[in-house]
Amino acid sequence: MAYWLMKSEPDEMSIDDALAAPKHTVPWFGVRNYQARNFMRDGMRVGDGVLFYHSSCPQPGIAGIAEVASAAYPDDTQFDPASHYYDAKATREQPRWMMVDVKALRKTRLLPLAELRAVPELEDMALLQKGSRLSITPVTPAQWKKIQALLQ
DNA sequence: GCCAACGTTGGC
DNA sequence: GCCAACGTTGGC
């Protein structure tokens with residue numbers, strides 16, 4: 001089992017929104033970065049652990065725990081000209097962008113980015129690397145364990 | 001709103 | 001294949 005951190009802007013979809021969704025499950029549409037797509041398509045398995053991260057907001061940080069709830073499948077918004085996420089170069093025969101379903105398990109206390117940065121055991125987290133902008137990053141088992149402890 | 005850092009595009 | 005220009009991300 002692998003672990004991941006997935007960023008969401010709470011204005012778009014917060015941990016509360018995800019918990020309020022049917023089956024607490026939401027499609028993770030809108031990823032338009034190849035590395036992040038590849039993590040979903042090639043790396044994720046159903047049941048993988050997910051740190052639900054709030055970004056681009058007054059208090060960025062980890063806001064909840066979730067899990068991967070499906071294999072990767074095409075993100076329909078790429079085919080919709082009216083969508084913000086439309087991609088003219090994508091076709092149904094040759095989709096370019098994939099997504100997974102994510103099931104929210106619980107809301108946690110907000111574990112702020114600044115607090116994560118202050119933990120020596122977490123300094124190698126992909127999230128914390130200089131210039132890192134990826135919306136989906138891997139988390140090691142040791143990092144996952146440390147963060148669970150911080151959330152106790 | 002600023003800006004550092006990064007990814008993508010497209011001309012050559 | 002290089003790389004300049006541009007667009008985006010996301011913390012502050």
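Treat the numbers as computed from the prediction; the structure is a model and nothing was measured. Every chain is numbered from 1, with letters handed out A, B, ... down the list of sequences. Values below: every heavy atom of this structure, side chains too, minus hydrogens, waters and symmetry copies.
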J.: Rounded to the nearest Å, what distance is computed from the CD1 atom of residue A:Ile136 to the P atom of nucleotide C:dG10?
T.: 11 Å

J.: Angle between ring planes, A:Trp28 versus A:Phe52, binned at 30° and 60°: parallel, tilted or perpendicular?
T.: perpendicular

J.: Send over the distance from A:Tyr34 OH to C:dT9 C1', rounded to a whole Å.
T.: 17 Å

J.: Choose from C:dG10, B:dG7, C:dG11 the nucleotide whose nearest atom is closest to any side-chain atom of A:Gln35.
T.: B:dG7

J.: Starting at atom CZ of A:Arg117, determine the distance to atom P of C:dG11, rounded to an integer number of angstrom.
T.: 8 Å

J.: Given that A:Lys89 and A:Ser132 both sit by DNA chain B, which one's nearest nucleotide is further toward the 5' end?
T.: A:Ser132

J.: Which whole-number value in Å describes the distance from A:Phe39 CZ to B:dG7 P?
T.: 11 Å

J.: Side chain of A:Ser55 only, please: which of C:dG10, B:dC6, C:dC12 is the nearest?
T.: C:dG10

J.: Does C:dT8 have OP1 or OP2 sitting under 4.0 Å from an N or O in the side chain of A:Tyr85?
T.: no

J.: Measure from CZ on A:Arg96 to C1' on B:dG7 and round the result to the nearest Å.
T.: 13 Å

J.: Determine, step by step, whether A:Asp75 and A:Arg37 satisfy the salt bridge (charged side-chain N to carboxylate O under 4.0 Å, His left out) criterion, reporting the C-alpha distance in whole Å, the side-chain angles of both residues, the deciding distance to 0.1 Å, and the verdict.
T.: CA-CA 10 Å; A:Asp75 176 346; A:Arg37 178 203 67 184; over 6 Å; no

J.: Check the pair A:Val31, A:Ile136 against side chain to side chain contact (heavy atoms under 4.5 Å, CB included), reporting the backbone distance first and the verdict last.
T.: CA-CA 9 Å; A:Val31 171; A:Ile136 298 175; 4.1 Å; yes

J.: Taking OP1 and OP2 of B:dA5, is either one under 4.0 Å from a side-chain nitrogen or oxygen of A:Lys130?
T.: yes

J.: Does a donor on one side chain sit under 3.5 Å from an acceptor on the other, for A:Asp80 and A:Tyr85?
T.: no

J.: Does A:Lys7 place a side-chain N or O at less than 4.0 Å from the phosphate oxygens OP1/OP2 of C:dT9?
T.: no

J.: Let me know the distance between CD of A:Gln129 and C1' of B:dC6, rounded to the nearest Å.
T.: 14 Å

J.: Which whole-number value in Å describes the distance from A:Leu134 CG to B:dA4 C1'?
T.: 16 Å

J.: A:Val139 pairs by side chain to side chain contact (heavy atoms under 4.5 Å, CB included) with which of A:Leu51, A:Leu127, A:Asp48?
T.: A:Leu51

J.: Rounded to the Å, how far apart are A:Arg32 CZ and C:dG7 C1'?
T.: 16 Å

